[in-house]
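Order of appearance sets the numbers: ligands from 1, and atoms from 1 within every ligand. Along the sequence shown, the residues carry numbers beginning at 1.
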Amino acid sequence: LRVTRGTVETARWCERYRAAGLSVGFAPTMGALHAGHVSLFARARRECDRAVASIFVNPTQFGPGEDLSRYPRPLEADLEACRQAGCDLVFVGEAADVYPPGYETWVEVEDLARPLCGRSRPGHFRGVATVVAKLLAIVRPHRAYFGQKDFQQARVIERLARDLDLGVEIRICETVREPDGLAMSSRNRYLDAAGRRAAARIPRGLRAAGRLVAGGETSVARVLAELTRELAPDPDLEIEYAEARDAESLAEFPAATLPRPPRRILLAVAARVRGTRLIDNLLIPPLDAEHSPARGAEEPRG
Ligand code: PAF
């Protein structure tokens, strides 16, 4: 595993890979790596000749009062995880290098960044889009890998890659879950036992709502009532949003009715569990798509 610390050094190594005719897969992260990240590295490894990761806690995507200063930074364990996963190179970024003095260029994706998390985290997707555009410009990968848990983020990144002609294929990879169904997240480590029990309601609620849709329910209100029935009674869990949206545009459905003819539907939740903000989602394929179960909140294992 090669560990690079500067943007110039990182770009130079990635350029060497490309010049040798090797395909480059890239998974950017903020560290505190878990099995979800490892699955991105593994897919990059499978699909590309070289797997590149980055670890950079990007300050510009945190709002005032968010968890930037206490965000976990277990660097040695993270480097070991990259090594175990077979990454070839990991860029460990420093704020002063990524945003040198005088930095003043921002990437803003408009409509896709407005709803859902964009509402409660103003400036968040501007920070994400900017740092991802920069990282893609440094690494210039053939493919880049992102988790479905952050579905809105992945859609924003797909759009910026397309709009800026970055020539990278964006791959959205299935959410990896704990045995109780909870989506893997670096923030899960903030949860105590009671928090874990409350948090596990989120995937349960998504699955219950998904079953209702699969059974033919088209009323958004009834689907969301099913979702919140699982979440709402828990005093440790405060819902920020629970919504059904078009999975491509992230727009709401007209007349609050799920579409027939079918479209891909996103059920998305953000909640605070004993102070920790968690998000999760379920993607429901068009109902006439044969044998394609909803992706995102599968039954727990074991
Ligand atoms: O999903 C994340 O960890 C971050 O938002 C990303 C994509 C690495 C950008 O900082």
| field | Region of T29 that comes within reach of ligand 1 [heavy atoms, distance under 4.0 Å] | value | backbone
| query | Parallel, tilted or perpendicular: which describes the rings of W106 and Y103, with under 30° parallel and over 60° perpendicular? | reply | perpendicular
| said: As a quick check of understanding, evaluate side chain to side chain contact (heavy atoms under 4.5 Å, CB included) for R277 and R121, giving each step before the final call. | reply: CA-CA 11 Å; R277 186 176 184 278; R121 304 188 73 189; 3.7 Å; yes
| request: Run down the list K134, H124, Q153, K149 and name the one with the heavy atom closest to atom 6 (C) of ligand 1. | output: Q153
| task | Answer yes or no: does an N/O atom from Q61 fall short of 3.5 Å to an N/O atom of ligand 1? | result | yes
| What atoms in ligand 1 come closer than 4.0 Å to a heavy atom of V131? | 9 (C), 10 (O)
| said: Could you tell me if D67 and Y190 have a donor-acceptor pair between their side chains, going purely by distance under 3.5 Å? | reply: yes
| said: Is it the case that the side chain of T257 and the backbone of S219 share a donor-acceptor pair, with hydrogens and angles ignored and the cut-off at 3.5 Å? | reply: no
